[in-house]
Chemist: 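First the structure, then my questions, so here it is.
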Amino acid sequence: MSAFRVLFLLAVVLQLPAYAKPLVKPTGTAPGSIQWQPCNSIAFQHWFSDGPPPAGLQCGYVDAPLSDQNAAQTVRLALTRLPAVGPKKGSVVIIADGPGSPGLNPKIAEQGPAWRLQKSYDIIGYDPRGVGQSTPKISCQPTASEETPSPDENDIPGAEQQARDRVAACIKQTGADVVQHIGTHEAVNDLDTVRRALGEPALTAVAYSYGTKVAELYAERFPKKTRALVLDGVVNLKEDDFNQRINQERGFQQSFLRFADDCEKSGSCPLTSEPNLAIQRYHRMLRKLHDAPFVTPSGYEISADDVITLTRNLLPWRERWPELATALRKIDEGKADDTVTDLIDESYTPDADDARMVITCADMAKPDTDQQLLRRQRQQINTAASFPNYLPLHEYPLETCDFWPYPGHLEQPHAPVLSTALPPLLFVTQRYDPVTPYRNAREMASSFKSPLITREGDGHTLALTGVDSCVDDAVIDYLLSPKKPRRDKTCR
């Protein structure tokens, strides 16, 4: 992978700068205080750019304090509610992946085991602070006059100046007071604000990927306000950012080789089950595109970085491997079409990329860290997986968060601190998960003294999606009866 992919500036998005949207004054968060309205009303139509909202879906807002120290100003969180079909017993909050991913109208299977949950529980989705329809919104997009060309692969100073420029754009567009209070620490408190606004005495939630970190910290911080938490695709609280990224890269390497093996069996792929040969063939494709990007009949230019981004985007989802195999074959044969370019476009999400970067910096930034140490760490991260490294460099640039001026204020890596008041949680994992490796869930389930559901297969997060009824049955049973004793379970 090009070392500058993480620094790549995506297309300029012309929008009202987030700093121009004032922080609202507090109104309090009384139980049941959300003013729910139909999502198909004019006030909320702009929330659903991909099509009209489902019938019966309701929309609303919750105000949360900007920070622990500044309750005089608040951020506004956007929420959706799919009401229970029958008599309501409570609400299940869905905590989205990320960081930076929107969470409105979460996708829950409409048939199968998940239907048992929807009969008696409202399904709540929300956009975390700074994300999606919540305000103020994170934005780092430069204006047309501020946009600069991407530096050459070996232009380390140019890449690092671009990172500095992006930091400046984030602070300018989003606001210095906001970016200092936009991280996971605040997200945990926001979750409790949502609980109170829903009128729930204790939280019932399903968390995915990064959202599991929010849920784990919530369980530590609010044990008496926790009823049931499902954590699918588990973040390990014991790992720092460096080790998390190293292990994630190793997970992607493993998934790439498993994909290559599956790809060869399908008979429609340029890769092979032999690991070294699979990587050689992938690198050959990337080098060819690096030297001469392919232009489709529609005029879309496909670069090596596009192929790497597409690969990373689809590897975590086993059910999408056939799409990836077909796309790589078409690209390799010089026959890429609109179907391929649509998949590539799906991989680029400027707003979510901005939010992911700012939230990560707000959590992890260490402005006083020795730069030589950071450069060694960047080298280790960028070389932990060999499949994207078709142009290995002797030196890798510092990243955007390395130039972040404000220290991150997330809790340091630690073993979970349990209260006797905390009920058992439920952890869900897949054996070959590249994003949140299997051992994360094993360690956290042990630390939280909670059962673990293991699906023997490839993929990243699946609870309540209908992909595996064995997993969904166990999750629903836990959510409906969290106090019932249960053991670890394996689904095949």
Side-chain angles (χ1 to χ4, degrees), residues 18 21-41 43-48 53 56-84 88 90-96 98-106 121-138 174-175 177-178 181-208 210-211 214-215 217-218 221-222 225-227 229 355 359 362:
K21 302 172 184 177
L23 296 169
V24 296
K25 295 297 182 181
T27 58
T29 308
S33 61
I34 305 171
Q35 302 298 312
W36 295 110
Q37 300 179 49
C39 288
N40 58 11
S41 65
F44 299 103
Q45 286 181 356
H46 65 285
W47 286 17
F48 304 93
L57 191 70
Q58 300 171 343
C59 293
Y61 293 100
V62 168
D63 294 340
L66 174 64
S67 69
D68 297 336
Q69 298 77 30
N70 186 1
Q73 292 180 306
T74 65
V75 298
R76 177 156 286 176
L77 308 177
L79 292 87
T80 56
R81 176 173 72 171
L82 187 63
K88 176 184 172 181
S91 301
V92 175
V93 179
I94 306 299
I95 309 172
S101 298
L104 297 179
N105 187 27
Y121 282 83
D122 293 348
I123 305 299
I124 307 297
Y126 71 102
D127 282 345
R129 65 168 62 197
V131 175
Q133 302 303 323
S134 295
T135 57
K137 183 177 179 179
I138 294 169
T174 309
D177 52 348
V178 175
H181 303 289
I182 205 77
T184 304
H185 174 83
E186 290 80 13
V188 175
N189 290 337
D190 289 348
L191 184 57
D192 198 57
T193 298
V194 170
R195 177 197 62 78
R196 293 197 309 271
L198 292 170
E200 296 292 341
L203 178 69
T204 301
V206 179
Y208 298 97
Y210 159 80
V214 178
L217 294 174
Y218 185 94
R221 199 176 299 175
F222 301 103
K225 300 299 181 183
T226 298
R227 174 185 174 271
L229 297 179
I359 294 169

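Residues: numbered from 1 along the sequence shown.
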Chemist: Report yes if the side chains of Pro136 and Val75 come closer than 4.5 Å at any heavy-atom pair, otherwise no.
Modeler: yes
Chemist: Asn40 vs Phe48, test: side chain to side chain contact (heavy atoms under 4.5 Å, CB included). Steps then yes/no.
Modeler: CA-CA 9 Å; Asn40 58 11; Phe48 304 93; over 6 Å; no
Chemist: Does the side chain of Ile359 reach to within under 4.5 Å of the side chain of Ile138, using non-hydrogen atoms?
Modeler: yes
Chemist: If you look at every heavy atom in Tyr121 and Arg227, which pair is closest and at what distance?
Modeler: OH-NH2, 3.2 Å
Chemist: Provide the closest heavy-atom pair for Arg129 versus Leu66 in the form atom of the first, atom of the second, distance.
Modeler: NH1-O, 2.8 Å
Chemist: Rounded to the nearest 0.5 Å, how far apart are CG of Asp63 and CD1 of Ile34?
Modeler: 10.5 Å
Chemist: Applying side chain to side chain contact (heavy atoms under 4.5 Å, CB included), can you list everything that pairs with Ser134, at least two apart in sequence or on another chain?
Modeler: Leu77, Ala78, Asp127
Chemist: Which heavy-atom pair separates Ala84 from Asp122 by the least distance, and what is that distance?
Modeler: N-OD1, 2.7 Å
Chemist: Could you tell me how the ring of Trp47 sits relative to the ring of Tyr61: parallel (under 30°), tilted (30 to 60°) or perpendicular (over 60°)?
Modeler: perpendicular
Chemist: Kindly give the heavy-atom pair with the smallest separation between Ala71 and Pro65, and that separation in Å.
Modeler: CA-CB, 4.1 Å
Chemist: Could you tell me whether a side-chain N or O of Arg81 sits under 3.5 Å from a main-chain N or O of Gly60, the two making a donor and an acceptor?
Modeler: no
Chemist: How many angstroms lie between CZ in Phe222 and CG in Leu217, if you round to the nearest 0.5 Å?
Modeler: 10.5 Å
Chemist: Which heavy atom of Asp177 sits nearest a heavy atom of His181, and at what distance?
Modeler: O-CD2, 3.1 Å
Chemist: Do Pro106 and Thr80 have side chains that get closer than 4.5 Å, going by heavy atoms?
Modeler: yes
Chemist: Are Arg221 and Asn189 side-chain neighbours, meaning at least one heavy-atom pair lies under 4.5 Å?
Modeler: yes
Chemist: Do Thr184 and Tyr210 have side chains that approach each other closer than 4.5 Å (heavy atoms only, starting at C-beta)?
Modeler: yes
Chemist: Going by heavy atoms in the side chains, are Lys88 and Pro83 under 4.5 Å from each other?
Modeler: no
Chemist: Could you tell me which residues satisfy ring pair (Phe, Tyr, Trp, His ring centres under 6.0 Å) with Tyr208, sequence neighbours excluded, listed by chain and number?
Modeler: none
Chemist: List in chain and number order the residues that pass side chain to side chain contact (heavy atoms under 4.5 Å, CB included) with Ala205, two or more places apart in sequence or in another chain; answer none if no residue qualifies.
Modeler: Val93, Ile95, Leu203, Leu229
Chemist: How long is the span from the CZ atom in Arg196 to the CG atom in Leu191, to the nearest 0.5 Å?
Modeler: 10.5 Å
Chemist: Taking the side chain as every heavy atom from C-beta outward, state whether Val188 and Val214 have any pair of such atoms under 4.5 Å apart.
Modeler: yes
Chemist: Taking the side chain as C-beta and beyond, is there a heavy-atom pair between Lys225 and Tyr218 under 4.5 Å?
Modeler: yes
Chemist: Between Ala96 and Ser101, what is the shortest heavy-atom contact and its length?
Modeler: CB-O, 4.1 Å
Chemist: How long is the gap from CG on Leu104 to SG on Cys59, to the nearest 0.5 Å?
Modeler: 7.0 Å
Chemist: Please check this pair: side chain of Arg76 against backbone of Thr135, looking for a donor-acceptor N/O pair closer than 3.5 Å.
Modeler: no
Chemist: How many angstroms lie between CG in Leu198 and OG in Ser33, if you round to the nearest 0.5 Å?
Modeler: 8.5 Å
Chemist: When rounded to the nearest 0.5 angstrom, what is the spacing between CD1 in Ile94 and CG in Leu82?
Modeler: 10.5 Å
